[in-house]
Amino acid sequence: MKRRTFLAATPLVGLVGSQTSAEKPLLHHVFFWLNNPNSEADKKQLIAGLKTLKGIPTIKQIHIGTLASTEKRDVVDTSWDVSELMFFDDEAGQKVYQDHPIHLEFVKNNSHLWKKVIVYDSINV
């Protein structure tokens, strides 16, 4: 992620105050392990599918990535193949995404590509 893009996202995660958890910005981070991790075609198909999710209006920002070539350390998990990080205004926006036809179509068309998915959802404290 370019520094300017990252800095543009920080207001979404920097909000504090008297908001309820439903009103706080939500980050949705998903990690995918491919059935065929050595298949560039499968990786490209998954990434293309993830890019279709940009059409869901409650997604304020999306980052789709693969492993960075950073230093390998015990605390760094390098077992996954593709990730997505989405920013939502609140939990309601994330719920709209979950039920949106574009997301359901993405799962239908691409779930055969992965053997494992882990999701981390967080709100600002």
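Taken to the nearest 0.5 Å, the NZ atom of Lys54 stands 5.5 Å off from the CD1 atom of Ile64. Atom CD1 of Ile47 is separated from atom CG of Leu50 by 7.5 Å, given to the nearest 0.5 angstrom.
Between the Asn36 side chain and the Asn38 main chain, no donor and acceptor come within less than 3.5 Å of each other. A donor-acceptor distance shorter than 3.5 angstrom exists from the side chain of Asp81 to the backbone of Leu34, with no hydrogens or angles considered. Using a distance-only test at 3.5 Å, with no hydrogens or angles considered, no donor-acceptor pair links the side chain of Asp42 to the main chain of Asn35. Without hydrogens or angle criteria, His29 side chain to Leu85 main chain gives no donor-acceptor distance under 3.5 Å.
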Residue pair Lys24, Asp90: steps toward the salt bridge (Lys or Arg N to Asp or Glu O under 4.0 Å) verdict: CA-CA 5 Å; Lys24 290 183 178 181; Asp90 51 29; over 6 Å; no
Any chance you could lay out the side chain to side chain contact (heavy atoms under 4.5 Å, CB included) test for Gln98 and His103, step after step, and finish with the verdict? CA-CA 6 Å; Gln98 288 297 330; His103 178 247; 3.4 Å; yes
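Under the 4.5 Å side-chain criterion, counting only non-hydrogen atoms from C-beta, Tyr97 is in contact with Ile59. For the pair His63 and Phe87, the minimum side-chain heavy-atom distance is 4.5 Å or more. Counting only heavy atoms from C-beta outward, the side chains of Asp89 and Thr58 never approach each other to under 4.5 Å. When side chains are defined from C-beta on, Gln45 counts as touching His112, because their heavy atoms get closer than 4.5 Å. For the pair Lys44/Ser39, no side-chain contact is recorded, criterion being any heavy-atom separation below 4.5 Å from C-beta on. Inter-residue side-chain proximity for Val82 and Phe31 is flagged as unmet; no heavy-atom pair is nearer than 4.5 Å. Looking only at side-chain heavy atoms (C-beta outward), His28 and Leu26 come within less than 4.5 Å of each other. Side-chain contact between Phe88 and Val96 is absent, with no heavy-atom pair separated by less than 4.5 Å.
Partners of Asp99 by side-chain hydrogen bond (donor to acceptor under 3.5 Å, both in side chains), not counting sequence neighbours, listed by chain and number: Lys95.
Taking the six-membered ring for Trp and the full ring otherwise, the centers of Trp80 and Tyr120 sit at least 6.0 Å from each other.
A salt bridge (Lys or Arg N to Asp or Glu O under 4.0 Å) check over residues 102-125, counting only residues at least two apart or in different chains, returns nothing. The stretch residues 65-77 participates, sequence neighbours left out, in these side chain to side chain donor-acceptor pair (under 3.5 Å) pairs: Asp77-Ser79.
The hydrophobic clustering, which links ILVMFWY residues whose side-chain heavy atoms are closer than 4.5 Å, places Val76 and Trp33 apart. If you chain together hydrophobic residues whose side chains sit under 4.5 Å apart, Leu46 and Val30 fall into the same group. Val107 and Ile102 fall within a single hydrophobic cluster, where Ile, Leu, Val, Met, Phe, Trp and Tyr are joined by side-chain heavy atoms under 4.5 Å apart, directly or via other members. Both Val117 and Ile62 sit in one connected hydrophobic cluster of ILVMFWY residues. Membership requires side-chain heavy atoms under 4.5 Å apart, directly or through other members.
Ring geometry, Phe106 versus Phe32: the interplanar angle exceeds 60°, so the pair is classed perpendicular (tilted spans 30 to 60°).
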